[in-house]
Amino acid sequence: MNAKLCCIFFMCVLIASCRTTAGVPSNELGAFETQRALDELADKQTDMGITGQRIEDQSRDLVGDIRELEQSIESGAIDNLEFEEIIRRIYNRPSEDFDSERKTD
């Protein structure tokens, strides 16, 4: 039993002696510069997150605009086909004055 307690006590001493209790107490290791760099990094990460969100929003808007453009092109193509058919009917309509000059497709 004493051996178990000694082993547990020894482990606790090892674990307690290996950890830093309050961080770096002075600027000997560049703690202030490190903290300033970490703060700048956090600010830049926030800016990048905001920029990324803006880009994502704009890309969603662009996808919607592209869909509208594609629909407009498709409906324009249908309109062109209808217009072409109307012109063809007018052109092929019998006329008394120009029947001899007309070509049929």
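Quantities reported herein were computed from a predicted structural model and do not represent experimental measurements.
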For the atom pair [atom1] ([X]) and [atom2] ([Y]), what is the distance rounded to the nearest 0.5 Å?
{"X": "Arg88", "Y": "Glu84", "atom1": "CZ", "atom2": "CD", "value": "4.5 Å"}
{"X": "Lys44", "Y": "Asp39", "atom1": "NZ", "atom2": "CG", "value": "12.5 Å"}
{"X": "Glu40", "Y": "Gln35", "atom1": "CD", "atom2": "CD", "value": "11.0 Å"}
{"X": "Met48", "Y": "Ile55", "atom1": "CE", "atom2": "CD1", "value": "9.5 Å"}

Salt bridge (charged side-chain N to carboxylate O under 4.0 Å, His left out) assessment of Arg54 paired with Asp57:
CA-CA 5 Å; Arg54 287 182 186 155; Asp57 292 342; over 6 Å; no
Is the count of non-hydrogen atoms from other residues, nucleotides or ligands lying under 6.0 Å from Arg67 atom CZ greater than 12?
no
Tell me, do Asp65 and Leu69 make a side-chain contact under 4.5 Å, heavy atoms counted?
no
Under 3.5 Å, is there a donor-acceptor pair between the side chain of Thr46 and the main chain of Ala42?
yes
